[in-house]
There are 2 protein chains.
Amino acid sequence: MPTMADVARRAGVAVSTVSYVLSGARPVSERTRQRVMAAIAELGYHPNILARGLASKRTRVIALLFPSGTRGLSHDQLEFFSAAAEVASQRGYALLLWTTLGGDAEILRLTEEGLVEGLLLMEVRLHDPRVEALKALGYPFAMIGRTECNDGISYVDFDFEQAIRLCDQYLYELGHRHIAHLIYSPVPIEQSYGPAVRSLVGARAFCEEAGIPYIIRVSEADIEATYRAAHELLDSYPSLTAMVFVSDLQCAPVMQAIHERRLRVPEDFSVVSILSSRFAEMMAPPLTAIELPAVEMGHIGMELLIRYLEGDECVPTQLVLPPRLVVRQSCSVRTHTELSMQEAKCFQEGR
Amino acid sequence: MPTMADVARRAGVAVSTVSYVLSGARPVSERTRQRVMAAIAELGYHPNILARGLASKRTRVIALLFPSGTRGLSHDQLEFFSAAAEVASQRGYALLLWTTLGGDAEILRLTEEGLVEGLLLMEVRLHDPRVEALKALGYPFAMIGRTECNDGISYVDFDFEQAIRLCDQYLYELGHRHIAHLIYSPVPIEQSYGPAVRSLVGARAFCEEAGIPYIIRVSEADIEATYRAAHELLDSYPSLTAMVFVSDLQCAPVMQAIHERRLRVPEDFSVVSILSSRFAEMMAPPLTAIELPAVEMGHIGMELLIRYLEGDECVPTQLVLPPRLVVRQSCSVRTHTELSMQEAKCFQEGR
DNA sequence: AATTTAAATCGAAACGCTTCGACTAAGCGC
DNA sequence: GCGCTTAGTCGAAGCGTTTCGATTTAAATT
């Protein structure tokens with residue numbers, strides 16, 4: 001593999017001159033530039049990133065702190081980071097995937113090893129030790145999501161509180177009054193998950209304002225727990241005619257529980273969730289949902305980080321994207337007077 | 001950030017001694033080792049990867065050559081590489097995500113920049129220029145998938161030919177005789193996609209052996225084309241009672257086309273595909289499918305590469321995983337004599 | 001024509017590590 | 001007691017860049 005010295009020799013100039021041609025840090029005469037470029041082309045020279053990084057502290061490598069296994073890997077997360085990867089690649093950065101198994105220690109290691117210039121965090125908690133640590137270190141990073149106190153940090157997040165309200169409101173306008181909410185567990189408090197907490201707030205607020213019962217069940221994120229929780233909701237509230245849930249991972253177990261009750265969606269039972277369109281359209285029936293702008297968030301998150309790294313902005317950009325309802329085929333009208341299919345069935349069965 | 005020199009000074013030894021303590025390349029007395037380790041701990045020292053890599057040519061960074069946009073990002077692919085990422089992380093490697101937009105040139109750049117020790121390829125074609133280039137360079141890599149000629153390369157692949165046969169056979173045993181196949185386009189020939197070609201071979205072979213009509217439609221991988229192709233199949237062959245398709249990306253458009261015909265799955269129409277379980281279980285109804293062992297393939301692929309890098313094996317390992325059918329709820333029995341729902345409907349409508 | 005200024009280039013010192021050759025002080029056989 | 005090995009350590013030379021004076025050359029100013 002040719003080095004810069006080879007190029008310099010071939011072009012008959014000093015190594016530093018070659019470097020200046022490449023970086024543009026100092027003026028170089030046109031004639032010299034031509035000769036150097038020719039030599040580079042002839043030799044098939046590529047600068048060595050390690051050496052460059054060692055000398056200049058700039059590696060053009062960004063790490064994506066990837067959520068570990070707990071919550072499972074969701075379709076939305078896939079979209080987040082394939083979008084992020086795309087932007088990084090366009091801007092000439094390489095993307096390092098970092099699965100943060102080992103907690104804080106691991107992330108510090110990453111920052112100290114010198115390979116990575118900046119970090120993009122996903123699955124940020126309200127009190128996130130990673131964020132504290134990075135802040136203390138003054139290490140450059142941006143977030144998809146946000147903590148409770150985000151002074152001086154760039155982030156892009158989604159307005160889950162409004163999103164849930166929109167779900168509820170839509171169902172309410174369709175005539176539903178008994179709406180169940182199935183939301184991720186927001187505990188443990190000290191590191192609670194923002195979207196869960198904010199969803200709870202939104203749901204409670206809407207139900208109080210609308211004067212309808214606040215029916216809620218929180219569950220762990222795994223399939224099994226979600227499945228049980230859905231069944232428990234349906235058991236405990238026979239008057240339910242609709243359900244709101246908040247993630248693509250809940251989709252399968254929730255729908256299964258509903259089907260097992262012989263409730264048809266949307267004829268007997270309405271369902272709204274917060275999903276990326278790609279996923280919502282894959283379901284049968286296609287699900288009416290709040291559009292989770294996963295691709296947009298991935299793009300913006302990466303863009304924010306890169307801008308910060310390149311020093312274009314000193315003031316952090318903080319963005320909370322507004323929700324938008326996309327009506328598909330998982331909800332139906334329910335009037336006040338009408339007896340729900342479920343109630344009718346219970347009645348027939350003599351319960 | 002402390003350097004090795006700082007550690008050496010603190011421990012009262014030479015820099016090289018610190019290096020030997022860390023690498024074990026030469027014997028170090030127990031007393032010295034203790035002192036060095038203490039100094040490292042006190043200073044919170046972490047070796048700089050760039051410097052290490054520059055001096056030693058070992059970076060512990062692996063790149064995953066990530067499929068570009070054409071085929072879209074599928075759930076299976078997500079599983080491939082989150083599995084790969086997991087293994088890499090366990091073995092102390094960092095995973096660089098590389099979206100191969102710029103074709104061959106890009107990949108060469110990656111190899112020449114010195115950052116990356118080895119490559120894991122996904123979405124390998126039968127004749128893959130990337131593979132040719134890497135082979136010519138003698139650059140270490142492994143594949144998920146395989147080309148036509150794989151001499152000297154480690155890979156893990158899935159037996160798509162047998163997989164399709166298993167699909168067909170299962171449907172055949174349920175009594176289906178008119179089975180449609182919806183498969184990715186295997187052209188252009190010069191870089192054809194292995195799974196597509198092998199699926200075609202498998203399907204044709206089974207149909208010939210079983211003496212049933214060989215009903216097939218190839219389509220591009222995008223949603224729209226798949227949707228049209230599914231409709232065309234259903235149009236052209238009114239006697240169809242079952243369909244086989246090969247990827248999670250086809251799922252939504254295929255199911256939608258089927259639903260639009262007012263065919264119920266599985267009562268009126270049976271469906272089998274090749275999917276990771278996680279995905280198959282998310283559908284409504286859960287899909288009977290050949291299990292695509294995506295996680296296993298990701299694990300093994302990465303493991304093969306790392307073994308190769310660490311010199312444990314000189315002989316390449318080549319693995320083709322066998323298919324396994326998982327019965328869920330998307331297929332139903334069809335007897336010879338029974339008139340299909342669809343035929344019955346056509347009849348009623350006087351066609 | 002003498003002097004100042006700017007453009008273009010060079011040489012060498014980092015950057016933080018690995019690795020090689022050399023040196024010292026033991027331990028060993030004879 | 002003499003050379004011989006070997007464990008343990010050190011110093012210094014890279015690895016391939018960037019970057020900072022310093023130097024040379026050409027152009028501009030007086």
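Since we're looking at a predicted model, the values are computed, not measured. Chain letters run A, B, ... following the sequence lines, proteins first, then strands; residues in each count from 1.
- Residue pairs meeting the salt bridge (charged side-chain N to carboxylate O under 4.0 Å, His left out) criterion with at least one member in residues 6-29 of chain B, sequence neighbours excluded: D6(B)-R9(B), R10(B)-E42(B).
- Between the CZ atom of R33(B) and the P atom of dA7(D) there is a distance of 15 Å, rounded to whole Å.
- Atom CZ in R9(A) sits roughly 16 Å away from atom C1' in dC10(C) (whole-Å rounding).
- Between E117(A) and K57(A) no salt bridge is recorded (no basic side-chain N to carboxylate O distance below 4.0 Å).
- Relative to the six-membered ring of Y93(A), R60(A) meets both conditions, a distance below 6.0 Å and an angle of at most 45° to the axis.
- A donor atom on one side chain and an acceptor atom on the other are not found under 3.5 Å apart for S19(B) and S16(B).
- A salt bridge is absent between R130(B) and E123(B): the closest approach of a Lys/Arg side-chain nitrogen to an acidic carboxylate oxygen does not fall below 4.0 angstrom.
- Between E30(A) atom CD and dA7(C) atom C1' there is a gap of 14 Å when expressed in whole angstrom units.
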Quick one, give me the B/S/- string for nucleotides 11-20 of chain D, reading 5' to 3', where B means a protein heavy atom under 4.0 Å from the base and S means that only happens at the primed atoms, P, OP1 or OP2. BB-BBBBBBB
